[in-house]
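See below for the structure under consideration.
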Amino acid sequence: MSQSLENCINDYMKHILITFTKHKYFSIVIGIVLTAIMQSSSAMTMMLIGCLNSHLISLKSAMWILMGANIGTTITGQIIALDINHLAPILAIIGVILLLTPYETIAEVMIGLGLLFMGLDILQLGLSSIHIDMFLKTNHSLIMILYGFLLTSIIQSSSASIGILQSLVAENLMPFAKAVYLIFGFNMGSCMTGVLASLVSNNDGKRLAIFHLLMNGIGVLIFYGLCSYTPLIQYFENIISNPLQQITHMHTFFNVITTIIILLINQPIIKTVYYIIPHQHTLANPSKEC
């Protein structure tokens, strides 16, 4: 589904990235919208690093877009939380029929979306009979964050990880209080796509990957403190009764608040990025470049 979407609008997306990302707030909105369409922050990260390698956009624009991408990637979980799985087979069948028309790419998107929801529905049925020792026997919050990080690093998709977690919670296999810490790990694991891609990238690509790590790392530290020492988790449980929506709203809340915080303290973070990957030339004030 993601590949078909990317193929369908790839040229348009690059044009938008190049033309309409001069202002940081508008760049964030662009990142939200494009990632919501692509349904993959990993694909967006790869595209941004590719644009940086080709010198099509500036590093500062890529940073703001990436901040928006963190929010845009939560849309998949929001769709899953709507509990529209019963429509998934119909969507897939319509997609198969459209394969016989000139709208092949759109058909592939519909088939992929239908299979996504059918797969998660089957996963929910299967998880009820599977004993997941790694998740269910662990009560330490830091270990839960580590498990979340490892899972998303392996499957390279925080959206898929959120879908799996929603399945666990829907089957009452995991309480929300434990699931929250997995969400934090998912957000750290989503950075690994950029880290791996940056290994063969130029310095700006490496800086973007480090910025992503710092951004999500700061968010995890702040929310770990909030969830450990304030009644934030209980507050979510009290105002949201649907377990699926508890997961997806916490995921969205985490990314929105983290983005706001990073906007407020972006200069020290950018200086840290340039300290780790110094500029090739003398730069009196590297924060001004971003």
Side-chain angles (χ1 to χ4, degrees), residues 17-18 21-32 35 41-73 142 145-146 148-150 152-153 156 158 183-226 228 254-290:
L17 292 177
I18 296 168
T21 55
K22 305 300 182 183
H23 191 278
K24 64 180 178 181
Y25 296 110
F26 195 70
S27 297
I28 291 173
V29 173
I30 290 293
I32 294 172
T35 307
S41 60
S42 297
M44 176 58 71
T45 302
M46 295 288 287
M47 181 174 290
L48 288 174
I49 290 178
C51 289
L52 287 172
N53 284 335
S54 303
H55 305 288
L56 296 176
I57 61 174
S58 66
L59 177 59
K60 67 174 183 179
S61 295
M63 288 178 173
W64 307 137
I65 295 168
L66 187 60
M67 291 168 68
N70 264 18
I71 299 175
T73 193
L142 290 176
I145 293 175
L146 177 61
F149 168 78
L150 292 175
T152 307
S153 297
Q156 294 288 294
S158 60
I183 295 173
F184 302 158
F186 294 162
N187 279 276
M188 287 303 301
S190 68
C191 300
M192 293 311 296
T193 301
V195 170
L196 294 173
S198 71
L199 295 178
V200 292
S201 173
N202 60 19
N203 282 345
D204 277 347
K206 292 180 172 63
R207 292 185 185 109
L208 184 66
I210 293 172
F211 176 80
H212 198 190
L213 280 170
L214 291 174
M215 176 173 63
N216 283 6
I218 290 171
V220 168
L221 287 174
I222 292 172
F223 271 82
Y224 178 79
L226 288 174
S228 299
F254 172 91
N255 284 289
V256 170
I257 297 302
T258 298
T259 297
I260 294 173
I261 292 171
I262 298 304
L263 278 172
L264 297 174
I265 62 171
N266 64 86
Q267 293 302 321
I269 297 176
I270 291 170
K271 288 181 179 179
T272 302
V273 169
Y274 270 90
Y275 178 79
I276 297 173
I277 306 291
H279 200 276
Q280 293 178 347
H281 306 288
T282 302
L283 192 62
N285 189 1
S287 65
K288 288 185 177 180
E289 178 174 319
C290 293

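Numbers here simply count residues along the sequence, with the first being 1.
- Rounded to the nearest 0.5 angstrom, Ile210 CD1 and Ile276 CD1 are separated by 4.5 Å.
- No side-chain heavy atom of Leu199 sits under 4.5 Å from any side-chain heavy atom of Lys206.
- By the 4.5 Å heavy-atom criterion applied to side chains, Ser190 and Asn216 are counted as neighbours.
- Thr73 contributes no side-chain N or O that, together with a main-chain N or O of Ala69, makes up a donor-acceptor pair within less than 3.5 Å.
- Checked by atom type and distance alone, the side chain of Asp204 never pairs as donor or acceptor with a backbone atom of Ser58 at under 3.5 Å.
- Here the side chains of Ile183 and Asn187 are in contact, with some heavy-atom distance below 4.5 Å.
- Of all heavy-atom pairs spanning Gly194 and Thr45, the tightest one is CA-CG2, 3.5 Å.
- Side-chain atoms of Leu263 and Ile28, non-hydrogen and from C-beta on, do get closer than 4.5 Å to each other.
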Check your understanding: Please walk me through it: do Met215 and Ile269 pass side-chain contact (heavy atoms from CB on, under 4.5 Å)?
Key -> CA-CA 8 Å; Met215 176 173 63; Ile269 297 176; 5.8 Å; no
Exercise for review: Kindly indicate, with the supporting measurements, whether the criterion side-chain contact (heavy atoms from CB on, under 4.5 Å) is fulfilled by Ile257 and Ile261.
Suggested key: CA-CA 6 Å; Ile257 297 302; Ile261 292 171; 3.8 Å; yes
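- Between the CZ atom in Phe211 and the NZ atom in Lys60 there is a gap of 13.5 Å [rounded to 0.5 Å].
- With sequence neighbours excluded, the residues satisfying ring pair (Phe, Tyr, Trp, His ring centres under 6.0 Å) with Phe254 are Phe184, Phe223.
- Between Ile30 and Phe26 the shortest side-chain heavy-atom distance falls below 4.5 Å.
- Closest non-hydrogen pair, Arg207 versus Val273, comes out as CB-CG1, 3.5 Å.
- Going from atom CD1 of Ile262 over to atom CG of Leu66 covers 11.0 Å, rounded to the nearest 0.5 Å.
- Residues Thr152 and Gly189 come closest through the heavy atom pair CG2-C, 3.7 Å.
- Here the side chain of Thr258 pairs no donor or acceptor atom with the backbone of Asn255 at under 3.5 angstrom.
- The shortest side-chain heavy-atom distance between Leu208 and Met63 falls under the 4.5 Å cut-off.
- Rounded to the nearest 0.5 angstrom, Thr272 OG1 and Ile277 CD1 are separated by 12.5 Å.
- Closest of all the heavy-atom pairs between Ala62 and Leu48 is O-CD1, 3.7 Å.
- Side chains of Asn266 and Lys24 form a contact here, defined as non-hydrogen atoms less than 4.5 Å apart.
- Using a 4.5 Å cut-off on side-chain heavy atoms (C-beta onward), Leu59 and Tyr274 make contact.
- Across Cys191 and His212, no two heavy atoms sit closer than the pair SG-O, 3.5 Å.
- Nearest heavy atoms, Ser198 versus Gly205: CB-O, 3.6 Å.
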